[in-house]
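A quick write-up on the structure given underneath.
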Amino acid sequence: MSDPTTRPGVGKPRTGDTPTDHPADHPAGSPTGQPGGSRGERSIGRLGDRKRARLDELARATADQGGVSLYRDALRRLRRNPVAIVGFVIVGLFVLVALFAPLIAPHDPVQRFDELTRDLTVDSIPGATAGHPFGSDPLGRDFLSRMIHGSRQTLFVGVLATLIGLTLGVLLGAVAGAFGGWVDVVLMRLTDVMLALPSLLLAITLVAMASRSSQWTVIFAVAIVSVPIFARLLRGSMLAQRESDHVLAARALGVKERNIVLRHMLPNSLTAVIVQATLTFAVAILDAAALSFLGLGDPDINRAEWGLMLGVDGQRYFEVRPELAYYPALAIIVVALGFTLLGEAMREAIDPKNRR
């Protein structure tokens with residue numbers, strides 16, 4: 001019996017059995033070069049061409065604009081955000097009034113006027129008169145002038161308390177985030193203890209521990225309350241930065257750990273902390289006013305401060321002249337609202353996760 005491979009016709013393809021004998025099976029643009037491709041492949045090809053054209057168009061537009069940085073994009077979003085505009089207007093007016101209080105105030109805030117003291121009684125405090133739009137305080141001083149100068153005192157306490165708390169918080173958070181290990185555990189447990197107490201209760205405790213209450217005890221108490229907030233926020237940001245690509249690349253290149261922390265991790269982690277400082281400023285104003293209202297602030301009655309005016313004058317003479325409480329309370333609420341609106345708008349503009 002002969003081998004099948006040697007028999008005539010065995011192993012040779014018959015005419016018409018190979019794909020080359022069927023032109024209809026080859027789409028247009030196939031390797032055989034024969035026409036007649038499927039409709040689905042042609043539509044996919046056109047879709048891919050449109051996508052490539054769109055990507056090229058976007059690339060050219062971005063190249064023409066030179067790119068947009070994160071902070072420039074955030075500033076553009078703030079300009080278009082009505083909440084940010086309202087907050088900026090309130091904060092701007094407050095800062096201007098505080099800085100130029102001696103020029104804006106019509107009178108000396110500690111001066112007593114005869115036309116006001118003449119009408120002072122136990123059951124009557126003069127209201128608005130010519131030259132005194134907000135009337136008198138219980139000692140015959142111009143109340144409008146004291147309100148204007150009180151903005152300067154409120155700004156001073158809020159700025160110092162926020163800066164001190166920010167500095168200490170950044171220091172603790174940077175150390176915990178940079179070293180990790182037992183250092184991180186000890187510092188974070190300390191901040192947990194501070195965060196477990198209500199902020200106002202902790203501030204009252206710190207002021208009560210002082211031998212004599214003053215303006216500086218209020219500032220330091222409010223500052224200490226905000227330290228754990230900044231510390232935990234910065235520590236979390238720095239822990240996220242430790243595993244980022246640019247930090248790993250710097251370690252691979254042999255950059256010293258100190259330079260990595262100061263030049264790479266810390267600068268990229270401060271954005272969220274700065275935004276939080278704006279929100280903390282509003283809390284500092286409220287806490288400082290609350291301490292003064294409770295009688296734990298500066299005992300000097302000649303000092304114009306909204307919390308002190310609300311507590312000493314407004315509470316004592318509320319039934320006689322309630323405006324003595326209304327004006328400083330409204331000022332505290334509006335200023336705190338302005339900083340809160342501005343801080344929330346900044347957080348939304350900078351952090352993509354908070355955008356609506």
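Just so it is clear, the values below take in all heavy atoms, side chains as well, and ignore hydrogens, waters and symmetry mates. These numbers were taken from a predicted model, which means no experiment stands behind them.
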Please round to the nearest 0.5 Å and tell me the distance separating atom [atom1] of [X] and atom [atom2] of [Y].
X	Y	atom1	atom2	answer
Arg152	Glu305	CZ	CD	14.5 Å
Asp142	Thr129	CG	OG1	8.0 Å
Leu206	Phe220	CG	CZ	12.0 Å
Asp137	His132	CG	NE2	11.0 Å
Ile332	Ile285	CD1	CD1	8.5 Å
Leu233	Thr280	CG	OG1	9.0 Å

Sub-4.5 Å side-chain heavy-atom contact between [X] and [Y]:
X	Y	answer
Ser237	Val273	no
Glu348	Glu344	no
Ile224	Met194	yes
Arg232	Asp192	yes
Leu197	Thr205	no
Gln276	Ile229	yes
Val175	Leu187	yes
Thr154	Val335	no

Should we count CZ of Phe113 as having more than 12 external heavy atoms under 6.0 Å? yes
Closest approach of [X] and [Y], non-hydrogen atoms and distance?
X	Y	result
Pro328	Glu323	CD-O, 4.2 Å
Pro228	Val225	CD-O, 3.4 Å
Thr162	Ala284	OG1-CB, 4.0 Å
Leu234	Ala174	CD2-N, 3.7 Å
Gly165	Phe230	O-CD1, 3.4 Å
Met238	Gly173	SD-O, 4.1 Å

Parallel under 30°, tilted from 30 to 60°, perpendicular over 60°: which one fits the rings of [X] and [Y]?
X	Y	value
Phe143	Tyr327	tilted
Trp216	Phe156	perpendicular
Trp306	Phe94	tilted

Does [Y] offer a backbone N or O that forms a donor-acceptor pair with the side chain of [X] under 3.5 Å?
X	Y	value
His149	Val110	no
Arg321	Ser136	yes
Thr278	Gly343	no
Thr217	Ser214	yes

[X]-[Y] co-clustered via ILVMFWY side chain contacts under 4.5 Å:
X	Y	answer
Met346	Phe339	yes
Val159	Val334	no
Val320	Phe134	yes
Val283	Val170	no
Val89	Val97	no

Test log, rule side chain to side chain contact (heavy atoms under 4.5 Å, CB included), inputs Thr191 and Met188: CA-CA 5 Å; Thr191 59; Met188 288 304 102; 3.9 Å; yes
Working for side chain to side chain contact (heavy atoms under 4.5 Å, CB included), residues Ile125 and Leu324: CA-CA 10 Å; Ile125 297 177; Leu324 297 178; 3.8 Å; yes
Evaluate side chain to side chain contact (heavy atoms under 4.5 Å, CB included) for Arg347 paired with Leu279, printing each intermediate quantity in order. CA-CA 10 Å; Arg347 174 182 295 177; Leu279 299 172; 3.0 Å; yes
Before you tell me yes or no, could you show the steps for Leu296 and Val218 under side chain to side chain contact (heavy atoms under 4.5 Å, CB included), namely the whole-Å CA-CA distance, both residues' side-chain angles and the distance that decides it to 0.1 Å? CA-CA 8 Å; Leu296 298 175; Val218 172; 5.9 Å; no
